[in-house]
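Read through the structure below, which is laid out as structure tokens, and then see the notes.
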Amino acid sequence: MTDAGKIAIVTGAARGIGREICRELLDAGMTVVGVDINDALFAEAVKALGSPQTLEFRKLDVTDSAAFEALVDDVVAKYGRIDVLVNNAGITRDGLLMRMSDEDWELVLKVNLFSAFYGTRAAAKYMVRQRGGSIINMSSYSGREGNRGQANYAASKAGMIGLTKTTAKELAGKAVRCNAVAPGFIETEMTAVLPQQAKDIALSLIPMKTMGQPADIAKAVRFLASDDSKYITAQVISVDGGMHT
Ligand code: NAD
């Protein structure tokens, strides 16, 4: 099938990178169900995306396995299929590991990694039956390299890579693909809250000497969601200004 008319679910869709992913997939002609825990952002996000008929937002806490499965079931009941799942929702709770609380460790693993497993399992059952689908997981440079102050976050994003490769290997024979995108340092509200010193250190590590924009990530996701990448699976694509080589 062509990309136009595909049905996509994007998590963490109400702002930042997720919102730009919605924009790209809508532009490719897909119908997009954006989900987010923060429904207060929905009206603004819909407006920013030009209020297309092919976009809807639904409230979901991606750490709720049963609710995530119910949402996927409901999307398939309404639209007849699910072609693309983008596991993008993510949070940070930074701190040095010796001082990191169990709560901060567990919450970040749950939101960033467990959720992707719940969504993937729920969507895969339909994609396998359809004999086609593309799952895209949001990893990070931190997950590839580790990052001081981010034991929980880096572990969750490294976990995304293992989940991606395993999903790809299990489902490749059914024409279901799974890839990850590993952003570097991207200008969103997630990074806006960092102290200037942390921003300066991050910038000094980027060969291209500038932060990325949400659209830079969204365009890579669009490619992986599209049939243009139909022979690509089990890959991690860095979009980071040259940091990871
Ligand atoms: P952001 O904080 O701007 O947006 C994240 C979105 O996820 C928010 O709308 C938030 O409400 C939603 N969310 C949080 N918890 C949720 C939950 N339990 N259920 C549903 N939705 C939830 O972040 P961003 O910068 O746009 O990051 C998007 C993704 O990209 C994340 O996975 C992040 O880890 C990853 N990433 C970002 C950067 C960066 O530099 N910004 C770098 C590497 C990776």
Side-chain angles (χ1 to χ4, degrees), residues 1-13 18 21-22 24-26 28-35 54-56 58 60-90 109-139 143 156-182 218 220-237:
M1 84 184 287
T2 60
D3 292 332
K6 281 183 177 173
I7 311 300
I9 295 174
V10 179
T11 73
I21 292 170
C22 292
E24 287 294 331
L25 300 188
L26 288 163
M30 299 186 195
T31 291
V32 175
V33 179
V35 304
T54 46
L55 170 70
E56 63 167 303
R58 297 199 192 179
L60 173 73
D61 177 352
V62 291
T63 65
D64 184 339
S65 173
F68 205 156
E69 185 176 21
L71 182 130
V72 172
D73 289 346
D74 201 51
V75 166
V76 174
K78 180 170 176 183
Y79 295 105
R81 53 191 297 117
I82 168 77
D83 300 291
V84 175
L85 170 67
V86 186
N87 289 308
N88 165 77
L109 265 292
K110 277 185 188 154
V111 175
N112 296 7
L113 178 61
F114 289 21
S115 64
F117 166 70
Y118 302 145
T120 297
R121 187 179 54 186
K125 70 177 188 244
Y126 295 108
M127 291 178 171
V128 163
R129 254 181 252 158
Q130 288 166 198
R131 293 237 158 212
S134 177
I135 299 165
I136 297 132
N137 292 326
M138 202 52 68
S139 181
S156 73
K157 295 301 186 179
M160 282 295 236
I161 294 175
L163 175 64
T164 298
K165 293 187 177 186
T166 301
T167 304
K169 286 181 178 175
E170 289 191 14
L171 304 184
K174 309 283 186 197
V176 177
R177 300 182 296 113
C178 184
N179 294 285
V181 174
V221 171
R222 177 180 180 161
F223 171 63
L224 292 171
S226 153
D227 291 348
D228 289 347
S229 61
K230 68 182 171 50
Y231 199 51
I232 298 176
T233 195
Q235 301 306 305
V236 184
I237 299 188

Nearest atoms (heavy-atom pairs only) where [X] meets [Y]:
X: A8; Y: L25; answer: CB-CD1, 3.9 Å
X: A13; Y: G34; answer: CB-CA, 3.6 Å
X: G12; Y: A89; answer: N-CB, 3.7 Å

Atom pair [atom1]/[atom2] of [X] and [Y] - distance to nearest 0.5 Å:
X: L85; Y: I135; atom1: CG; atom2: CD1; answer: 6.0 Å
X: L71; Y: D61; atom1: CG; atom2: CG; answer: 12.0 Å
X: I9; Y: E56; atom1: CD1; atom2: CD; answer: 9.5 Å
X: T164; Y: R177; atom1: OG1; atom2: CZ; answer: 12.5 Å
X: Y118; Y: N87; atom1: OH; atom2: CG; answer: 12.5 Å

Using the test side-chain hydrogen bond (donor to acceptor under 3.5 Å, both in side chains), find all partners of E24 that sit at least two apart in sequence or belong to another chain. K219, R222
Would you please name every residue forming a side-chain hydrogen bond (donor to acceptor under 3.5 Å, both in side chains) with Q235, sequence neighbours left out? none
Determine, stepwise, if the pair N88 / V221 fulfils side-chain contact (heavy atoms from CB on, under 4.5 Å). CA-CA 10 Å; N88 165 77; V221 171; over 6 Å; no
Decide, yes or no, whether a salt bridge links K125 with D73 under the criterion of side-chain N to carboxylate O below 4.0 Å. yes
Flag the pair K230 and D227 as a salt bridge only when some basic side-chain nitrogen lies within less than 4.0 angstrom of an acidic carboxylate oxygen. no
With a 4.5 Å cut-off on side-chain heavy atoms, are [Y] and [X] touching?
X: D83; Y: M30; answer: no
X: N112; Y: M138; answer: no
X: L60; Y: F68; answer: yes
X: R121; Y: S65; answer: yes
X: N179; Y: I237; answer: no

Please evaluate residues R58 and V33 with respect to the criterion side-chain contact (heavy atoms from CB on, under 4.5 Å), reporting the C-alpha separation (whole Å), side-chain torsions for both, the decisive distance (0.1 Å), and the verdict. CA-CA 7 Å; R58 297 199 192 179; V33 179; 4.2 Å; yes
As a quick check of understanding, evaluate side-chain contact (heavy atoms from CB on, under 4.5 Å) for V176 and E170, giving each step before the final call. CA-CA 9 Å; V176 177; E170 289 191 14; over 6 Å; no
M160 vs L113, test: side-chain contact (heavy atoms from CB on, under 4.5 Å). Steps then yes/no. CA-CA 6 Å; M160 282 295 236; L113 178 61; 4.1 Å; yes
